[in-house]
Amino acid sequence: MAQQLTGTKKVLSVMILATALAGCSNSGAPAATDGNAAPAASAAVETGPAYNGSGPITDQANQELSFLGTNAWTTNVDLATAEIVKEIEKNANVKVNWQLLPPQNYSDSVGPRLAAGTDLPDIVYLPDKDQTMKYLSSGMFLPLNELYEKYGVNMKKLYEKSPDIKASLTTPDGKIYYVPQQTLTKNYMPEFMVNERWLKKLGLEEPTTLDEFTEMLKKFKTDDPNGNGKQDEIPMSMDPKFIPMAFGPVFGMDLSSNFYADDSGKVHYGYYEPVYKEYLTYLNGLYNEGLLGVDFASTTADQVTSRFSQNVTGTTFNFSWYTSMVYSPLFADYNPEEPLIQGILPLKGPHGDQFYVGRTPVSGIFGISKNAKNPELAFKFLDYAIGEEAQTYYTWGIKGVTYEEKDGKKQFTEKGKDNDFIQKYGIGPVNLPSAQSTDSADSIVAPWHKERDKELEQYIRPPFPNVYALPEEASVENMSMPDIQTYVDEMNLKFITGKESLDQFDAYIANLKNMNIEQIIAGRQAQYDRYLAASKS
């Protein structure tokens, strides 16, 4: 019998595995600022030992920085006072005056301040990845090239290890403006997950093809897998934002990124592809058979969790760590040694495609504002904060408190496994350029979860990279993409629910062409070509 628990409390436990789950793009135009110019005339002159990438970053007393960023997703944690964040400040020998806002409305709160461009703090966490460089176009942030060459000890190590990150953060004219926050890209990615007990009850194996998956859903609906004698099962439940990520790859498309490049390097807009009609036809069939609920477009994450806790839903699509950290523990008799809600291999589609979409390595960016009083100190702080010494704090906490080392390997202490404690302690602080860690995730998930994650690595395909746009590319996209996105969203829902016949698909494609989608694709192709060239340089 499943144990009733609220979704919110259990979801908090995944924070130990991730620092940020999403990022977005916005619009604008490229910067006119000279990236080779000195940062700012008002920069304080540093004396004493040279900065070597570790703390302290200065030997001067009473050094301060102002920093605008997001607070924790958890409502009861103020990261400005969290022990891990305070330890970073202490080691850096800098006092940080934090302005931390709730992440839920961060963009709405920070947008007007960036638009005004006045009275900005030294360091700002951007509300998006500035793909079309609207913030750089107005000189909002300082170029970092000179500071990078002088003091980028840890950034140089990062870029040598991950040239794709450097390529994403280098403007077309070779300038660097932002310091990245990093995410896992191949491990603990979103995936299909199923109730293994339901499969066993019905004598089914984990589905490996789309047809097997469909048959599984039908049996989940009709064959009473929860064993209560009622036909109360909801075969599949998921937050609607995951539907394109779940089923797009089955038909060979990355719909969650909108754009994707094929093996030959040609860029596509998934919602403009002929195979998109097959995707819609399949989902329309699920909807008509009651396998995709009538409320699919409004289902919330908490509703999914509640349905698992009541043992009335059998499959979903979500980030991998939900299998052992959220959904399986909802069952009172769950044994961590045996999989219950288990991630499965990606489904093989009708054309032989079989993959999951990973995440871009950059989940957020930090810039040094034009108002910074000491750009040199600000850059050193960011460089220190992105280094290995700081990353250990972000992912493991403080040695002797949240983790210990045995035989050269780190492992969480009992306090480190206490969700409430590590939240207040500031694990994975989203107000700093933190990076997610596979090692720390491996150490806390169930053994079966770790094993399946390693099995899935080979099936993870990178999404379309974040690449800066040239002025003409940005102009076309800014003018047309908002209307295209609105139209695509509206038609997507109508096609799936049958309110619009799929006989009208050709007319839909024609409308997208008239809305300049092909010009936008051409711009994205140029951006992708530049990204590939930058990755090799």
Side-chain angles (χ1 to χ4, degrees), residues 19-20 39-40 42-72 77-100 120-126 141-142 144 146-159 176 178-182 364-369 371-403 425-435 437:
T19 58
S42 60
V45 177
E46 288 289 332
T47 60
Y51 169 65
N52 64 5
S54 299
I57 66 170
T58 176
D59 63 352
Q60 297 183 24
N62 304 316
Q63 295 295 292
E64 297 187 10
L65 289 170
S66 55
F67 202 127
L68 175 63
T70 66
N71 219 323
V77 177
D78 180 9
L79 289 174
T81 61
E83 290 298 324
I84 289 173
V85 175
K86 289 164 63 177
E87 196 74 10
I88 296 295
E89 293 183 44
K90 175 184 173 183
N91 289 355
N93 192 32
V94 171
K95 173 179 170 51
V96 179
N97 300 308
W98 297 100
Q99 302 173 44
L100 299 182
L120 293 174
D122 299 321
I123 300 172
V124 178
Y125 178 69
L126 277 291
F141 296 98
L142 299 176
L144 305 180
E146 185 174 308
L147 292 169
Y148 170 81
E149 292 301 328
K150 287 183 178 179
Y151 308 114
V153 180
N154 294 312
M155 281 189 67
K156 288 175 183 177
K157 291 178 182 177
L158 169 63
Y159 286 167
I176 299 172
Y178 298 123
V179 175
Q181 187 177 67
Q182 302 163 70
I365 51 177
F366 298 82
I368 298 175
S369 80
N371 301 138
K373 299 178 179 62
N374 189 340
E376 184 177 88
L377 185 70
F379 181 84
K380 287 180 179 178
F381 182 79
L382 288 174
D383 186 77
Y384 165 69
I386 207 172
E388 184 177 351
E389 178 180 313
Q391 298 300 338
T392 298
Y393 284 104
Y394 305 149
T395 56
W396 290 97
I398 296 176
K399 188 174 182 179
V401 180
T402 56
Y403 80 95
Y425 221 62
I427 198 81
V430 295
N431 58 324
L432 287 163
S434 51
S437 164

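The figures here come from the full heavy-atom set of this structure, side chains too, leaving out hydrogens, waters and symmetry mates.
- Expressed to the nearest 0.5 Å, how far CD1 of Ile57 lies from CG of Asn52 amounts to 11.5 Å.
- Here the closest heavy-atom approach between residue Leu432 and residue Gln181 is recorded as O-NE2, 2.9 Å.
- Atoms NZ and CG, on Lys95 and Leu65 in that order, are 11.0 Å from each other to the nearest 0.5 Å.
- When every heavy atom of Gln63 is checked against every heavy atom of Asn374, the shortest pair comes out as OE1-ND2, 4.0 Å.
- Taking the ring pair (Phe, Tyr, Trp, His ring centres under 6.0 Å) definition, one finds that Phe67 meets it with Trp98, Phe366, sequence neighbours left out.
- The two residues Leu100 and Ala80 make their nearest non-hydrogen contact at CD1-N, 3.5 Å.
- Remark: Lys399 pairs with Tyr403, Glu405 by the side chain to side chain contact (heavy atoms under 4.5 Å, CB included) rule, at least two apart or across chains.
- When atom types are taken as modelled, the side chain of Ser434 and the backbone of Pro429 share a donor-acceptor pair closer than 3.5 angstrom.
- Under the side chain to side chain contact (heavy atoms under 4.5 Å, CB included) criterion, Thr81 pairs with Asp78, sequence neighbours left out.
- The minimum heavy-atom distance linking Pro433 with Gln391 is given by the pair O-NE2, 3.1 Å.
- Here Leu126 contributes atom CG and Leu68 contributes atom CG; the two are 9.5 Å apart, rounded to the nearest 0.5 Å.
- Scanning both residues, Glu149 and Lys156, for their nearest heavy atoms gives O-NZ, 2.8 Å.
- In this structure, the side chains of Lys380 and Val94 stay at 4.5 Å or more apart for every pair of heavy atoms.
- Taking OG1 from Thr70 and CG from Leu79, the interatomic distance works out to 7.5 Å, rounded to the nearest 0.5 Å.
- Scanning for side-chain hydrogen bond (donor to acceptor under 3.5 Å, both in side chains) contacts around Asn431 gives an empty result, with sequence neighbours left out.
- Atom CG of residue Leu377 and atom CG of residue Leu382 lie 10.0 Å apart, to the nearest 0.5 angstrom.
- Under the salt bridge (charged side-chain N to carboxylate O under 4.0 Å, His left out) criterion, Lys157 pairs with no residue at all, not counting sequence neighbours.
- Between the side chain of Tyr394 and the main chain of Ala385, a donor-acceptor pair closer than 3.5 Å is present.
- The salt bridge (charged side-chain N to carboxylate O under 4.0 Å, His left out) test applied to Lys90 returns no partner, not counting sequence neighbours.
- Scored by the side-chain hydrogen bond (donor to acceptor under 3.5 Å, both in side chains) test, Asn97 finds Glu64 as partners (sequence neighbours excluded).
- Contacts of Glu388 classified as side-chain hydrogen bond (donor to acceptor under 3.5 Å, both in side chains), with partners at least two apart in sequence or in another chain: none.
- Contact check for Ile88 versus Tyr384: side-chain heavy atoms found under the 4.5 Å cut-off.
- Taking the side chain as every heavy atom from C-beta outward, Tyr125 and Val430 never approach each other to under 4.5 Å.
- In this structure the side chain of Glu87 never reaches within 4.5 angstrom of the side chain of Tyr425, judged on heavy atoms.
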Take Phe379 and Glu146, measure what side-chain contact (heavy atoms from CB on, under 4.5 Å) needs, and give me the verdict at the end. CA-CA 11 Å; Phe379 181 84; Glu146 185 174 308; over 6 Å; no
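- Under the side chain to side chain contact (heavy atoms under 4.5 Å, CB included) criterion, Asn93 pairs with Pro56, Thr58, sequence neighbours left out.
- Shortest non-hydrogen contact noted between Pro180 and Ile386 is O-CD1, 3.5 Å.
- Contacts of Tyr178 classified as ring pair (Phe, Tyr, Trp, His ring centres under 6.0 Å), with partners at least two apart in sequence or in another chain: Phe141.
- A salt bridge links Lys86 to Glu83: at least one charged side-chain nitrogen sits closer than 4.0 Å to a carboxylate oxygen.
- In this structure Asp122 satisfies the side-chain hydrogen bond (donor to acceptor under 3.5 Å, both in side chains) test together with Ser66, sequence neighbours excluded.
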Walk me through whether Val96 and Phe381 qualify under side-chain contact (heavy atoms from CB on, under 4.5 Å). CA-CA 10 Å; Val96 179; Phe381 182 79; 3.8 Å; yes
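- Tyr151 OH to Glu376 CD: the interatomic distance, rounded to the nearest 0.5 Å, is 3.0 Å.
- Looking only at side-chain heavy atoms (C-beta outward), Ser54 and Val153 stay at 4.5 Å or farther from each other.
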